[in-house]
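Bear in mind that the values here come from a model prediction, so they are computed numbers and not experimental data. Note that these values count all heavy atoms, side chains included, but never hydrogens, waters or copies made by symmetry. First the proteins, then the strands, lettered A, B, ... as listed; each starts at 1.
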Amino acid sequence: MPELPEVETVMRGLQSRLEGRRIVCAVAHRADLRWMLPPELAERLTGARVTSFRRRGKYILMRLEGGQSVLLHLGMSGRIVLTPRGSNSQAIVPTPHEHLVLTTDEGWRLGFVDPRRFGSVDLVPTAQEEHHKLLAELGPEPLDPVFTPQRLSSALAGKRTPIKAALLDQKIVAGLGNIYVCEALFRAGISPKRAAYTVPGARAERLVPAIRDTLREAIAAGGSSLRDYVQPDGELGYFQHAWKVYGREGEPCERCPGRPTCAGIRRITQSARSTFYCARMQR
DNA sequence: ACTGTTACCTGATTGC
DNA sequence: TGCAATCAGGTAACAG
């Protein structure tokens with residue numbers, strides 16, 4: 001479930017292997033992902049030198065020499081698999097669900113693997129990155145100083161929807177998904193059911209640092225638990241993390257005073273997604 | 001304009 | 001053991 005911290009970690013891994021390198025070969029094996037791959041994708045990538053990377057929300061942007069950028073979204077099940085030179089998996093034959101394969105001038109093979117095909121890849125002129133349809137309406141980066149309690153408050157003003165749903169809305173803040181919204185609300189002591197318009201003020205003052213700290217800790221965990229951001233199996237950027245509430249239905253929450261008396265973490269359904277929270281600590 | 005629901009997709013898990 | 005039903009959720013399309 002790649003959310004901002006996982007995407008950030010994947011991006012750093014790509015950076016370590018691709019920045020400054022030339023793509024000597026690019027092959028697209030299937031084009032019908034969440035959005036159709038541009039037909040000229042492989043042709044544009046082949047021979048191009050990679051100049052830099054950046055992340056915007058859950059999107060990765062890979063800039064190429066010559067003014068084009070590759071826009072990558074991992075969707076639900078997307079991952080990058082790195083294989084070093086000399087491995088027998090350098091064969092042209094793709095592994096299952098490997099939709100795009102790049103080979104660098106240093107011999108690394110980078111596979112974009114996405115069984116559920118909710119992810120996608122697009123091309124955009126570097127100068128127009130921010131105007132790409134998928135990026136144009138994204139809200140602020142939660143780790144950027146512009147994401148202040150005041151800014152969040154004005155985005156939530158008048159919204160009748162639950163705060164859980166509002167934080168999943170990428171137009172309000174970019175990069176949060178189901179897991180980190182649950183975790184940040186727990187940290188801020190705010191009920192996921194609370195109407196968004198009641199959050200501005202003191203609660204937003206708690207929520208903004210809660211979101212930031214949750215994301216920063218997850219990025220740090222990913223970076224430190226992954227040597228060079230690459231796991232032994234070659235997979236980039238995924239790591240287990242000790243969630244406080246997500247996936248812990250029935251367990252006592254760690255913050256309840258006298259934990260044994262905690263009623264336990266509840267699981268409810270909001271907008272067809274699971275929400276985990278502690279009803280005593282989150283109001 | 002805003003809010004809530006459903007579809008897309010397939011591997012893993014659960015139930016009988 | 002096997003097969004079907006259910007679940008997972010990021011995003012867009014849709015309904016009201």
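Within the 4.0 Å cut-off from OP1 or OP2 of C:dA12, not a single side-chain nitrogen or oxygen of A:K133 is found. Look at A:R34 and you won't find any side-chain N or O under 4.0 angstrom from OP1 or OP2 of B:dC8. Between A:H97 and B:dC9 there is no side-chain polar atom (N or O) within less than 4.0 angstrom of OP1 or OP2. In terms of phosphate contacts, A:S77 brings no side-chain nitrogen or oxygen within less than 4.0 Å of OP1 or OP2 of B:dG11. For C:dG10, the OP1/OP2 oxygens have no side-chain nitrogen or oxygen of A:H73 closer than 4.0 Å. The phosphate of B:dC9 (OP1 or OP2) has no side-chain N or O of A:R30 nearer than 4.0 angstrom. Under 4.0 angstrom from either OP1 or OP2 of C:dG10 there lies no side-chain N or O belonging to A:Q170.
Rounded to whole angstrom, the span from the OH atom of A:Y246 across to the P atom of C:dA8 amounts to 7 Å. A:M76 places its CE atom 15 Å from the P atom of C:dC7, with the value rounded to the nearest Å. Rounded to an integer number of Å, the gap from CD1 of A:I172 to C1' of B:dA1 is 14 Å. For the pair A:L71 CG and C:dT11 P, the interatomic distance rounds to 11 Å; values are reported in whole Å. Rounded to whole Å, the distance from CD on A:E137 to P on B:dA1 is 11 Å. Atom P of nucleotide B:dC9 and atom NE2 of A:H99 are separated by 12 Å, given to the nearest angstrom. With rounding to whole Å, A:D114 atom CG is found 11 Å from C:dG10 atom C1'. Rounded to whole Å, atom P of C:dT11 lies 11 Å from atom CG of A:L4.
Counting heavy atoms from C-beta outward, A:L168 and A:N178 have side chains that approach closer than 4.5 Å. Within the 4.5 Å cutoff, no side-chain heavy atoms of A:R17 are placed close to those of A:I80.
With sequence neighbours left out, the ring-ring contact (aromatic ring centres under 6.0 Å, His included) criterion links A:H99 to no other residue.
A:T275 and A:Q270 share a donor-acceptor pair across their side chains, judged by distance under 3.5 Å alone.
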Report all interatomic pairs (protein N or O, nucleotide N or O of nucleotides 3-6 of chain B) with separations under 3.5 Å.
{"from": "B:dT3", "atom 1": "OP1", "to": "A:R160", "atom 2": "N", "distance (Å)": "2.7"}
{"from": "B:dG4", "atom 1": "OP2", "to": "A:T161", "atom 2": "OG1", "distance (Å)": "2.7"}

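Donor-acceptor pairing under 3.5 Å, judged by distance alone, is present between the side chain of A:R116 and the base of C:dA8.
Here the nucleotide nearest the side chain of A:L168, chosen from C:dG10, B:dG11, C:dA8, is C:dG10.
Summarising the local packing, CD of A:E43 is surrounded by 12 or fewer heavy atoms from other residues, nucleotides or ligands at distances under 6.0 Å. Atom CZ of A:R266 is surrounded by 12 or fewer heavy atoms from other residues, nucleotides or ligands within 6.0 Å.
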May I have the step-by-step check of salt bridge (Lys or Arg N to Asp or Glu O under 4.0 Å) for A:E129 and A:R63, ending in yes or no? CA-CA 10 Å; A:E129 278 176 5; A:R63 289 171 170 154; 2.9 Å; yes
